[in-house]
Amino acid sequence: MRTILHADLNNCFASIESISHPEYRQIPFAVGGDEEMRHGIILAKNDCAKKFGIKTGEPLLSARQKCPELKVVKPNFELYDEYCTAVRNLYSEYTDQVEPFGMDESWLDTSGSISLFGDGIKIANELRRRVKKEFDLTISVGVSYNKIFAKLGSDYKKPDAVTAITPENYREIVWGLPVEELLFVGRATKAKLNRFGVKTIGELANTSENFLVTQFGKNGRMLYSYANGLDMSPVRKLSQAETIKSIGNSTTTPRDMENATDAKLIFNLLSEQVCRRLRKHRLKGSVVQIHLRSNDLTSFERQMQLNAPTDISSEVCKAAMELLLSNYNFALPLRSVGVRVTQLCDADTPVQLSFFTDSKHQEKLQKIEKIKDVINDRYGRYTICPAVILSDKTLFPEYDPATVTSCFKSH
Ligand SMILES: [Mg+2]
């Protein structure tokens with residue numbers, strides 16, 4: 001029988017913010033978007049805020065109605081990424097099979113580590129103690145014999161707790177839970193199962209597998225095996241972690257973008273951020289994609305192939321502007337835009353020198369970007385940036401990275 005752990009950092013973003021601001025621990029506190037920027041939602045909250053009924057994903061406005069004294073700070077994804085990576089590295093001292101799930105959760109297969117470190121519960125408790133001591137963060141850990149039950153275990157009791165789900169006790173612990181607690185049971189699947197009178201995981205487990213297959217296709221078989229603890233899917237090795245397929249940023253501006261000059265400011269900003277992240281991951285990309293959403297909320301995407309892969313902001317911005325100008329006439333103002341770079345390759349991959357690119361000029365730009373990174377890392381993000389970014393405070397009021405949402409896309 002395998003020993004699988006699922007470890008989950010509790011209130012991750014809010015807890016990380018509280019490390020440098022211990023005073024936040026005592027008050028209702030949340031991490032969220034900027035209220036004035038029109039895209040403010042709660043991204044994470046502490047237990048104190050939870051008591052007011054504040055939920056993740058809730059608009060800041062409604063959170064404020066529940067708790068007027070709620071303290072909200074803007075997210076700092078780079079900082080969270082650093083902590084989550086460091087915690088994962090700690091996990092990997094116990095097994096090379098560490099599979100990240102989202103930013104702050106991981107599965108560990110410790111089946112082969114028992115003779116070295118003890119059984120699953122012992123390892124789980126050691127991780128819990130070490131994460132607390134070394135990072136001042138808490139985790140909840142589920143210990144089981146498959147990934148699905150391990151995940152349910154880490155949700156079962158938190159914060160700072162370990163729950164073991166075994167072949168002996170799983171009916172008792174798991175089967176009474178609502179069916180939507182099961183991984184990958186989304187809103188539609190839940191509604192359909194509820195229509196058949198299946199409300200708990202136990203009821204799902206006792207539904208005929210054939211019936212589930214007729215209703216859900218091959219997902220029916222998956223649901224049946226998940227509920228009965230028959231999931232056999234392996235925990236991937238950290239080195240086999242999904243590679244990043246694209247890097248993009250998008251933003252909703254404080255006021256609508258009325259023309260190409262407005263859009264150029266924001267494309268410059270987004271290209272700076274996207275390329276900075278490309279360089280941080282030692283990647284280059286050869287396709288630039290833009291996403292446009294007008295103020296009637298219709299949206300579309302356009303993309304173009306570059307002559308050679310790049311991580312240079314000015315090149316990405318130039319491509320983004322070309323796409324914009326040939327595809328949009330500003331009959332309607334834009335409410336939000338995004339820039340994404342795809343078809344990524346390792347930054348060191350040798351490239352075919354093109355007749356059309358001036359490689360000397362590119363080398364120069366590359367050097368400038370490197371120096372820019374060093375200075376901005378040290379003195380703050382927009383210490384050196386294209387002046388156009390700072391030219392209109394009604395579009396970009398402050399040089400604050402958190403006004404921009406960022407996301408990795410791996411498929
Ligand atoms: Mg978490």
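Only this structure's heavy atoms are used, side chains among them; waters, hydrogens and symmetry mates stay out. Indexing begins at 1, ligand by ligand and atom by atom, following the structure's order.
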Q: Quick one: do Gln366 and Asp311 satisfy side-chain hydrogen bond (donor to acceptor under 3.5 Å, both in side chains)? Show the steps, please.
A: CA-CA 8 Å; Gln366 211 107 47; Asp311 57 2; 2.5 Å; yes
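Under a 3.5 Å cut-off, the side chain of Asn169 and the backbone N or O of Ala164 do form a donor-acceptor pair.
For the residue pair Lys157/Ser140, the side-chain donor-acceptor check at 3.5 Å is not satisfied.
Residue pairs that meet the salt bridge (Lys or Arg N to Asp or Glu O under 4.0 Å) test with at least one member in residues 50-61, sequence neighbours left out, are Asp47-Lys50, Glu58-Lys66. Listed by first then second residue, pairs satisfying salt bridge (Lys or Arg N to Asp or Glu O under 4.0 Å) with a partner in residues 168-182 read Glu180-Lys190, not counting sequence neighbours. Listed by first then second residue, pairs satisfying side chain to side chain donor-acceptor pair (under 3.5 Å) with a partner in residues 143-153 read Glu99-Lys147, Glu105-Lys151, not counting sequence neighbours.
Distances from the Mg ion (ligand 1) under 2.8 Å pick out these protein N/O/S atoms: Asp8 OD1, Leu9 O, Asp104 OD2.
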